Each structure stands twice: as C-alpha cells, then as structure tokens.
Amino acid sequence: MVEFEPKIIGFLCNWCSYAGADLAGVSRIQYPPNIRVIRVMCSGRVDPVIVLEMFADGADGILVMGCHPGECHYLEGNLYAERRIKMLKRLIACTGLEPERLRLEWVSAAEGSRFADIVTDFTNQLKSLGPSALAGEKPDENILSCVRAAERAAGTSRLRTLVGREKKLTEEENVYGEKVAQEEFDELMEESVKEEYLRSRIYLLAKDESISIEELTKHLSADSEIVLRHIVVMKRRGLLKMDRIEGDNPLYTALEAI
Amino acid sequence: MTEEKVGAILVVGGGVAGVQAALDIADSGFKAYLIDQSPSIGGVMAKLDKTFPTNDCSMCILAPKLVEAGRHPNINLITNAEITGLNGELGNFEVKIRKRSRYINEEKCNGCGSCAQKCPVEAIDTYNKGLSDRSAIYIEYPQAVPLKYIIDREKCIGCGICQEICKPGAVEYEQEDTEATLKVGSIILAPGFESFDARLKTEYGYGRFQNVVTSIEFERILNASGPYGGLILRPSDGEIPKKIAFIQCVGSRDAQLGNNYCSAACCMYSIKEAIIANEHVPIELERTIFYMDIRAYGKEFDAYYSRAREEYGVRFVRSRVANVEEDPLTNDLFVHYVEDGEPKTEEFDMVVLSVGMRPPKNVEKLAEVLGIKLNQYKFCQTDTFSPIETSKPGIFVCGAFAAPKDIPESVVQASAAAAKATATIASERGKLITIKEYPPERDVSLEEPRIGVFICHCGINIGGIVNVPEVVEHAKKLPNVVYAEDNLYTCSQDTQVRIREKIKEFNLNRVVVAACTPRTHEPLFRETLSEAGLNSYLFEMANIRDQCSWVHMHEPEKATEKAKDLVRSVVAKTRLLETLKKPVTSVIPVGLVIGGGLSGMTAALELTRQDFEVHLVEREKELGGHLRHIYYLPGSENPHEMLKSIIKDIHENEKISVHLNTEIVNVEGYVGNFRTTIRSDGNEKQIEHGIIVVATGATEYKPTEYLYGTDARVLTQHELEENLAKDRFSAKTVVMIQCVGARTKERPNCSRICCGHAIKNALKIKEVSPETEVYVLYKDIRTYGFKEDYYREAANEGVLFIRYDDEHKPKVTQENGKLMVLAWEPILKTWFPIEMGTLALSVAVVPNHDSERLARMLKVPLTKDGFFLEAHVKLRPLDFATDGIFLCGLAHWPKLIEESISQACGAAARAATILSKKTLEVEGIVSYVDEDLCVGCGLCISLCPYGAIEKDERGIARVKEVLCKGCGTCGASCPKRAITMRQFTDEQIIAQGLAVLRGAVCG
Amino acid sequence: MSFEEPKIACFVCNWVFGEEELATSRVRKAANVNVVRVMCIGRIDPVIVLQTFMKGADGVLLVGCAPPDCHFVEGNVYAELTVNVLKKLLVLTNLEPERLELRWVSPIEEVRFAKIIKDFTEQLGKLGPSPLAREKRDVNILENVLAAKNAVTNFRLRALIGKEKELTKSVNAYGERVSCEEFNALLDEVVEEEFIRHKLLLAMKKPFSVKELAKALNMKPAVVLRHIVNMRRKGMIALDSVEGTTPLYKAVEVR
C-alpha cells in the first residue's frame, strides 16, 4: 500500500514565518513536501471560517504560522490569531474531527530550521493520525455536516465578537470598568461555542427539509429540552420557523438569512 | 559667484544608521548615495540574534528596511567601496570613491547561489565570526542586500568553475577596481564601530581558550541561522554548556587600555543574551553576569534588568573579573574574581566577553581625507548643542561613530543627520530624484480573466529538480490561462521585455510568475506590469524555489507535483484579482509642534530649515522648558547663552507661529490633514497641519523622602545647581543620594540623567570650594559613553562614591539642628554617620500629569510609566504607530541635552518625509467595508492598531485608507464579515486552498 | 596462493597493448595479475581504483603510454594527478600508498612491462598482503577506503583534480599561474577535509555526539565540531536529538 501523504495547508504571515520558510530554502533544509503554503500579510488575517472551509474540503492538517509574540509586524495581529485558533479548536472538538489537525506556531525570519522542524513534525503527526474523515472521494457525511455547522458557527456575530473582545475584556476592562478573569472568559467562550455550534447544526439540518424536535434530538444526540430552548431562541432571531405540524410534532424549517 | 547646490547626499556606512539616514533623505525628495566597504549593507545589526528590551528577532525587523533601501529609486547603493578623496565645500562636494572589484557583474547576478554550491574552496565565514566556513564565492548572509555574490580573491584559486556554472554569465574574473567621483551637497558619516579585540585583554584568555567567546560570536551562536543552528555549544567539544559567565566591560571603562569610556550598550546586550540563552538549550542554564555597574539607563531597561534577575534567573555578581584560567583536559574555565573584598574562584563551561565598541578601522585615514576632527578616543568630535555636526560644515555624523550607543539611538541620530544634511540643501529638494512615468492603465474590469503564466527554471535551482515543462503543460490547462511558458530566469531583464510582449500579444490581463519568493521579487514583476499598462496588483507569484525545489531536492517527483499545486493555487487566486488603486491624500505642508522646550524649539527650527511652516504651541507663558533651569554643563558651553539664542531664532523666524499660554483642545483628521483646536486665554482657534511633533517634556519628581521640604538643607540637584550658579553655596560637606523616586517598586525604571547631573554638580562644588567633602550614595553609576570621563574625574578630585542597595538605603535624620545621614559601607558591612551641610537628592524624571489626556486626543499609547510609546522601540523610535505623529525629547524618556536635540532633529526629518510630498500615496492593499453588511459594532475600530478605521456619520465603519497597513485582522474578526482585505479576500484565499485540496480550479 | 603472488589489478592503456598483444602476453597469463584494458589511463576513475582495493587487491598498477605518447594527448598527465590524490587518500585510510603505482611504457615494450610487474610484485611482497585481502578483513580500513571512495565521488575533489593541470601548468581564470606548492597545499587540505567528512558521514548512520565521533576517529572534538557545522550547512547531516547536554547528529538520508 502506498504510504498516506497528508495534505497540509499552511497559512504563513508575510513578515516572519514566510521569511522563515524562505530561509529554510536558502539554507537547503529538507522537509516533507506535503505542505502547500498560502501567504497572508498577517496571521491575524486567518479567518476561522476559512480554516473550517479547508477542513470541509478535505485538508488533513492546517498550519497557521505567525511572528513570535511581541514581534508582529502589525503589533498584535498574531495574538488575535492565537485567540481565534483557541476558539477554533473548541469548535473543531465539537465536530468529531481531531483538533490536533489544526496547529498554530510562531516562526521568526531567522528560524529556517525551526520552520522545517515544525513541518516535518506536523507531517509525521498527521501520518500517524491517518487521513482526515473528510479527505478523499468519500468523506464522512456526518462529520462533514458537523464541520459545515462549525463553519457556520465561526461566522456568527456572537463568536466573532467574543474573540475580538477577548483582549479588551481580560486585559483591559469591560464596560463596567471591571476586568474579566481569564478562566471566567474561557468558560463563557466554551459555553458560547457549544451553543452556537448546536444552533448551527439545527439550522443546517432544518435547511434541507422540515424537521421535528425528535429527529433533531436524535441527530444531535442532545437533550430535547436543550434543543427546544435553542429552537425558541432561533425562532426569535428569525432563523427558523415552524413549517407545519405532522401528527403531534411541529416541523421546523430554516429561513434564509436576510 | 554663487554656485548651484547639489540635491544629493552621500551616506557613508550601510549599517542600520546609514540605511535609516538614506531612507529619510530619499523619502524627502533628495538623492542618496549609500556607500559601504562591505559587499552588503546591514552592518552589525544584521549579525544580531535578538534585540533588547523587546527580544525582537533582529533580522525580522531589519530585513524589510534593507530591502526597502535596496529597491528605493532614489538610493544608489555602492557596496564594497571606500572614499579616497574629497574636494569642494558644503553644497558642492566632490567625493572620490574606489569600488573594489567583486569579480561579479552586479547587473547580471541574480543571487541564485549555484556558484557557491559548486565552489571547491572553503574560507572562514566572517559573518559567523569565524565559527563556520563558506565558499570562496559567497554572499555575507542569506538575506544580503544587494543579493549579489562576490569572490573572495584571497582564497579563490581561479579554477573557473563558477563561471562555467553561472548561467546568466555574471562571473567576470577580469573585472577591475573602478574609481568614480560623486557630486553631493552634504555628507553623513555612519561608519559604525569595531568590536574591541578581546585578545588584547590577555588575562581573559580569548584566542587561547576555545570556550571563551566574544559577545558578538555569542550572538551568532544564539542565532537559528548561525553556525550551531541556534543551539549553544562549546567550541571545544560541541557540548551544551550548563554554566555560562558573562564578563562585562571588556575593553571599556579600562584606563589601562586607554579606553576609559563606557560602551553604553553592553550591559543591556549581555542581559539580553543571558535571558535568550536559556531558550536555546533544552536544559536550565546557569547564567552569571560579572559587572561593575549595570547601566540599564534606557527606556524600560531597568524593568528588563529586574525581569532578568527575578523571572529569568540570571545571577548578577558585582565584581571586576581578575582573570580566567582553563583546565586543559576538560577545557572548562575558572573565573577568578573578588566579591565583597574576598577573592573567589568559580568554574564555568563557557565564558562570554562583553566586548566594547572601538572606532571603526582606518578611521584616521577617513578623517584625514574628509578633514574632520576626532576626539581623544578617535570617535567623531561633536558638541553638546550640535551633536550631529562634525568639525567641517556640510559633514554630519550619526550612530556609534559619534559615541558608543545602541540601535534606537543610532536610528534617532540617523534621522537627525538626515534632517541636518537635507536642510543645508533644502532649495534643491526634488531636483535630482527620479519619478518613473508609466503608460496609462488599461481598464480590465469588464474583461474575462486572461492569465499568462511564466515559470522560472532559475538556472538549475528549480529546473534541476522540478520538471518545469511539465508544470508549464499543467498551467496551460488551467481555466483562464491563455498563455504559459518557461524561462531560464524569469527575473532577467530580457524576460521582462518578453513578459510585456506576451501581455500585448495575448491580451493578457493578469500575470502569474512561478519562481522564487515574492518577498524579494514581487516588486520587480509588478513594475513590469505597470510598464505594460496593467494595474500592478493583477499579479501573483508562486514560490516554487525557496519553498519547493530547494527544500525537496531529493524528491523531484513530489516537488514537481507540489509546484503544480502551487501554480494552480495561485492561478485560482489570480482569476479573482481586481484592479487596486493606491490611496492618495493631499498634504498640508505645515507642522504642529506641541511643547516649547529645547526639543520642541529644535524640531520647529529644523522644520523651517526644510522650508515648512510651523505652529509651536507652549502651555506656559515662555519658551525654554527645562533648559531654563540648567546653568552650566561639564564642558565649556554655556546653556543659558544657547537657550537665549535659540529663543531669539524662534521669535525672529517668520515661518514659526508661536502660541504661548496655549493648550491643545482637540485633534481631528489624519496624516497630511490634521485639524487641531487650540485654546489661549479662553479663545479657541483651529489650525490645519500635515504632521504633529509631540515634545511636551516631563517634570521632576517632588520627593517626600529624606526630609525634603522639612529641612531647608535638603535640595534637589536642580536647586543645588541654582545655588552653585548664584553663589549661594557654602556647605563643608555635601551628600548626594541617587535614585530618589527612581528604580523603586512604583517607578521601576532609571531616570538616566541623574548620575550625570550629580557628577556635574560634584565637580562644580570641587571647582568652587575644593575643601568641601562630597559623597555620592548610589546604586549603579550610569555615566554611559564619554560621560564616564567625568565620573573618573570626580573620583580623582576626591568625590567619594558609596554604593547602597535596596536593603541598605541611606537614613537621613535631623537632630539638634544637625543634618545626618547613615550610609551603609558595603565592604566593611557597617553603617556610618556623616554630618552634612547640604543633602542633594537626585530625583526621578516623571511624565507630565496631562500626558494621558494628550495621548487620548492623539490616539497614541503611553508606556506603563506614563511616557509616550513610540511605534517600535528599536527601529521606529521617533514615530508613533499612527502615521504623521512624531515624538521627541523628555516626553519619550529622560534624556540629555544632546540626545533631546538629536531626537528633535530626527523627528523633523521623519516629518519632512511627509511634508515634502504634495500627495501621499500608500500601498493599495487595504481593507474595505461592505456598507450593506456593516452594523457599526465598532469591533474593528478597537482592533486596528493604526487607528485606520472610524465610524462615519451614519455609524458605519469607514477605512481611512492612507492609514491602513493591510494586516487584515479587522476582516478576520468582523462579526458580520463586512470588512475584508483587498488582494487577500476570503474568496481569494479559499479559492487558493480549494485549488490545492480538490486538484482543480473551481468556481 | 603464497604471498609471493600478490593479487595485482593492472589497468592498462588500450594504446600500450592491443588486444592481440595482450592475449599472448606472459603477464596476462600470470594467475595473480588481472589485466584490464582501459581506453586511456588518464580517464581512469579514482572510484574504480578504490573499489578494486576494497575488493581485496593487494596492489593496483596503472600502466599508460610514456609521455608524450598519449593517444588522447594529455591523458597521462591527468593520470598522474589522479594517482597523486589517490596516494594522499591511501595514506589517510592507513593503506600503504605503495600499493598503488603508475608506470609508463612505450607501445609494444613487453619486456619492460614484465619487468614492471615483477618489480611491483616484489614491492608488494615486502608490504605483505593487503589488510582487505585477508580472511578477516580489517573493517576499519575497509570503512576508510569506502570513505575515500565517497570522497572522490564528490564534486569538490573531482573538480580540483580536473582543474589542477590548467591551474598549475597554464594560467587560472585571473590569468595567473597557481604555484604547485600552493595548489598542493589546497589539495591536501581538501583531500583531508573530504575524507574526514565522509568518514564522519559513514559513522553517523546512527546518531553520534561530537565527543563520541572524536574518540572513534581519534580527532580533536573541536575539529569534529567544525566539520559538523560545515556538513550541516551543506545538508549532509542533521541534528537528531539532544541527550542531556549532548547533541547527537546523524547523516541525512538521500532518498
């Protein structure tokens, strides 16, 4: 059998890690040819939605690389990247895809060998992990729908706002002039990720055809009460509507976003 | 007869100072020649691993500046060259130079490096400080600018292989040295420094003991691209050391060697090396620094020093090391030193010598050729009030050649020198610069994408591994690709012509080049597009060399597959590229300087010398600030006379509008177009201007300790100075206490100027009243640079220096009218009483109470201590992150007169780079807002580090394009995904990824 | 076979003896001499000579046309240069350099040829059998010769051999003549460097530390480290791991 060759997408910031990758080349440091680099100006540019889209399309691994903390060409873009990746890992954990498939690393322009080492290590790690459930001709439909839901969740205002405000809330102060403890924030984040993920799943399940709470509960292996609570919220937000009632069961259908 | 002046400036030395000076000159409308005796620019900074106190990677922050200098249309790099003669005078110099042969045609060499791979001769690599070897044909370092090879004629045997290998035919063995004459209006000297030759300090064993290395060698050892790949190893046996000693002041503060001065940067770089070292080994490293005084006098340096001790576990031993011995069997080292009066010996695995700075080699010859004076240490002679001027009009100095200094101060001085050098020829602005004209841009917005793909063999660098013709065939089949070809060198001049022809022939409207890295080559190809009448943003590069053929040399098939993927990915993005316009804004050629002290006045005057109008706003009723309280200086200059003459210059200057008793009320607008409201006597007025210089100064700490305010004999140093100047001094015994209100828990940093101030006053006391006893109670004496001479002089005059630490602070009491101090004697370990007539407190410099208000108005940050925080403490010390606002003087950090003047001149030079332009044009890769999606939540505004986003009158986000730097963080955060980066849109990035993952270009 | 009959591999220039002459030659028939005809002795690849030693030849004799008779004009000069380098290498491998000789004969000088063989046989007799020819081969020397073989496979050494004549007899790229001493000094340096590097490379099939390598090769650790640094730069070896305070290196496998 041919050895499994993982497909890796690398998002490299222009100033440090892309330069580090170039230096690996200039120094002729050899590493496995599995990575395909997409250059961005700053690791802070890497939108969580893009990362999930890549996973949905079968990437076995994604490597986001930026400048070391304190060295960002744009002052703090790398730190925002770090917060986003943290959130993303929580989201990916919900989907059944291995969160290790996403990795964030700092590489400076002088660290050609570090770049090569990281790529080598990540490639080996992915080789032992095996192909992504979404890679190849027949992706796992279930996980795919989970990842699509995560992708949708990553696009929601709530999660994006939370990530964007994390620094201000935990390091400076909130509107009440208080500082939020990191643990407290992490809890809030964890909860929000789970909720948004579930809502996105409900939304996507209800998008194709009308669906009952019972069926949703089965699909999501979640408590029917929780599902109902989400449905209430989603109805209020204009994301769902009741389509019809079959027997005793109301069937819900998703509304196109306005 | 008045001769025309020449609108060009020669900068001598291509280190960080020279590069900064050249950039400032070229950016403000003059031509710059940048000459360096090395084959590439970058100087010492290019050899460093990290920089203090931020631990930034040195190459990461320097390389973009080098590339910018290398590509600047108005900077002419002349490397491997020296000055041989000078004629003429200010405004009209003729400089003779000799350019030594590289044996390489710089026009033809494309830096591919095939020659070095095949060169059979190895030579010692001086860039790695001799710790490794290189070939006889070489570049100094991988990021070298210019990226042109050179033959080491000493080592080369002339085998001819490189010429056979070199496809572009760049090797020219017959090339000879050439002479040339440059016509320039003024000259800036930035030749830098030499490291002290540690061999001369024989007792430390450098050159005899393999594990004794210099600090600069240690920088290379630490560096990931250095000889040991970033692992610290003992040169004797390749083992990782467990215990490293750093010995300070090697070749500095050493009267025996005739180097009495302090090298100013070594304490900090050693602390940095000690901190960083631990990250370069897999074990916990024991690091000890042997020092006399730790001179952490710069911005937030003391906080760094504290962290080294407390967080990073670096041990500090106050002792001058007597000598070092080696165990010949193990090559371990024994360090002999005296601590608290006791001789001690300690074993180490490795010893790092913190070598000081010496004037550059052959400096006497250079001084003779140019006709400038050197000081007693052979550094350039300058004065307190003219720190940038050499003894010859029209020749200026900056960087370590003026006095030992660290990187940010070199950069400050470089900008200052640029200000001075351009001011002398301000009338010639714009006369010698080249502005390239391009044909009008073709509108392609309605056309289907028609992509041309050019794939480079790079000689054998790509073609030897990747099957290029196969990649071409692959490219041809991709959607919207109408033409694809391979080139031996896509970057060569003839290929540029060819690309332009193909654009015409096939009506291409987008171009892809698959070759090396866009970091170095994208600008070249973009220009080719412009020359062909295409918008330069309709271009992308696939990196199939640095990130493909070079790193998969043993897997040609996989490398070929990868190259195809990369090309396909970039083609997918290119289909979606759009024409971008470079945002343009007009510039009001007027400056606003806030603060009428020495810095503010100097900045204002310098701006007028550049022919710009200035508003000078001062809160108080008179100009002069802090300088009004300085009555004498250790040299011969009279500060009051200088102040009077500067104030007179200001008032007589028609271009300066002085606003006294005036406050800033509001600031609106952005770079080029500020509108500021000022208030004076209750009347508000608006002024319009293009830039802002913040020169608001600082104030003196009002002590509450040591009976200040309760006993009239307790004074601050300024009060003592005034008494001395006005003949009101009579004490028999004077005690001075240093660090009052500084280096404490609340204010952890050093105020930099107080040691010098105390010594100045002590010397004055000894001058007017030689029998008066003077005691200075200190923590560290921080008389950096040439100020060390005064320290020595004071000690020679009988001033007694007694060290105290936080556990043994002096105790001041007043009993029966006697003013007493109990001082700790560290060697005898006992308290002893001194009765004194005067107690002088060296108090901290603290930020102004209203800095915060001004900072909020300007939307610029402050440090924890409350001083203004510049854009980058190393390389942008005069700028704020927000464009168009600059910083100088005490508002930045405590500093000496000459340093304030340098900063003020530098700020003026930085400002001139904007004011000299009618319009500002910036990079077209900026964010844009989809107004239909934006809900005005303001998240992006809070995330943007450049203040480039604001809300418009409808409450919707609007990008101030000239301020946007194109990072894209806003887009990745926007809750509604309403804002995105041009040239890096979500759609484009996703297309790039899908093309790789799905093996086809979709959509 | 007694040691009066050492195994000799004899490479003979095609133009010294034709096929027929050789076929009838007494030398050809001697059991201990294996004669191989080559197009020109100047074109003998040093790799082949070292391989012959590895296979257990007690001696290698190269026989070419006496100057200035070379059919390929200057082939014989190159042969001298090659042998010069090979002898330098043999010294480093601990194999006696006298086991390799280059002799000239004019065409159809069979008597002289026989004499050469005889002399060489005697010379080898004094040396005794090659340590690579015994039942139990000296594995150290075998590895040395393998390292030497890899060294001469390397571009750097071959390039220098190829350029020697041009540089020392004629002028170099700058139009200057490189003195024989200067060139020889460089050649000595490069031969030694390349030999050591290839020896290190062979040793490093499994991870090794600088100190271990120094001990195994009886060299100063500082010198080994220098080679390691340069070999890492050239991508020949890589850092494998760090054990305590000791970095271990291994050869980079070229796939």
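Order of the sequence lines sets the chain letters (A, B, ...), proteins ahead of strands, with each chain counted from 1. Just so you know, these numbers use all the heavy atoms, side chains as well, and skip hydrogens, waters and symmetry mates. This is a predicted model, so every value here is computed, not measured.
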Need one label for [X]: side chain, backbone, both or neither, based on atoms under 4.5 Å from any heavy atom in chain B.
{"X": "V26(A)", "result": "both"}
{"X": "L23(A)", "result": "side chain"}
{"X": "Y80(A)", "result": "side chain"}
{"X": "L159(A)", "result": "neither"}
{"X": "Q30(A)", "result": "both"}
{"X": "S27(A)", "result": "neither"}
{"X": "R83(A)", "result": "neither"}

Under 4.5 Å from any heavy atom of chain A, what part of [X] do you find: side chain, backbone, both or neither?
{"X": "E522(B)", "answer": "side chain"}
{"X": "S58(B)", "answer": "neither"}
{"X": "C937(B)", "answer": "backbone"}
{"X": "A871(B)", "answer": "backbone"}
{"X": "Q143(B)", "answer": "side chain"}
{"X": "S225(B)", "answer": "both"}
{"X": "D49(B)", "answer": "neither"}
{"X": "C944(B)", "answer": "neither"}
{"X": "K874(B)", "answer": "neither"}
{"X": "P64(B)", "answer": "side chain"}

I need the residue from [options] with the largest number of non-hydrogen atom pairs under 4.5 Å to chain B.
{"options": "C42(A), S157(A), A109(A), C67(A)", "value": "S157(A)"}
{"options": "I35(A), D60(A), N34(A)", "value": "I35(A)"}
{"options": "M54(A), K7(A), E5(A)", "value": "M54(A)"}
{"options": "V49(A), V37(A), T156(A), L162(A)", "value": "V49(A)"}
{"options": "R158(A), R39(A), E76(A)", "value": "R39(A)"}
{"options": "I9(A), D22(A), I38(A)", "value": "D22(A)"}

So how far is it from [X] [atom1] to [Y] [atom2], rounded to the nearest 0.5 Å?
{"X": "S113(A)", "Y": "L231(B)", "atom1": "OG", "atom2": "CG", "value": "10.0 Å"}
{"X": "C967(B)", "Y": "M41(A)", "atom1": "SG", "atom2": "CE", "value": "9.5 Å"}
{"X": "L75(A)", "Y": "L943(B)", "atom1": "CG", "atom2": "CG", "value": "12.5 Å"}
{"X": "I50(A)", "Y": "Q988(B)", "atom1": "CD1", "atom2": "CD", "value": "10.0 Å"}

Heavy-atom side-chain contact between [X] and [Y] under 4.5 Å:
{"X": "D57(A)", "Y": "R998(B)", "value": "yes"}
{"X": "K976(B)", "Y": "R160(A)", "value": "no"}
{"X": "I989(B)", "Y": "F11(A)", "value": "yes"}

Item to check | CA sep, side-chain torsions, deciding dist, call: K168(A), S942(B), side chain to side chain donor-acceptor pair (under 3.5 Å) | outcome: CA-CA 9 Å; K168(A) 200 166 164 44; S942(B) 71; over 6 Å; no

Looking only at heavy atoms, what is the nearest atom pair of [X] and [Y], with distance?
{"X": "Y74(A)", "Y": "G966(B)", "answer": "OH-O, 3.9 Å"}
{"X": "T517(B)", "Y": "Y18(A)", "answer": "OG1-CE2, 3.5 Å"}
{"X": "T161(A)", "Y": "P975(B)", "answer": "OG1-CG, 3.2 Å"}
{"X": "S108(A)", "Y": "C57(B)", "answer": "OG-SG, 3.9 Å"}
{"X": "T969(B)", "Y": "R84(A)", "answer": "O-NH2, 3.4 Å"}
{"X": "P33(A)", "Y": "H552(B)", "answer": "CA-CE1, 3.2 Å"}

Checklist entry - Based on non-hydrogen pairs under 4.5 Å, which of Q992(B), E561(B), R977(B), M981(B) is most in contact with chain A? => result R977(B)

Item to check | K194(A), NZ atom: more than 12 neighbouring heavy atoms under 6.0 Å | outcome: no

Checklist entry - Is any residue of residues 114-126 of chain A within less than 4.5 Å of chain B by heavy atoms, and which ones? => result none

Checklist entry - Between R45(A) and D986(B), does at least one N-O distance fall below 4.0 Å, as a salt bridge requires? => result yes

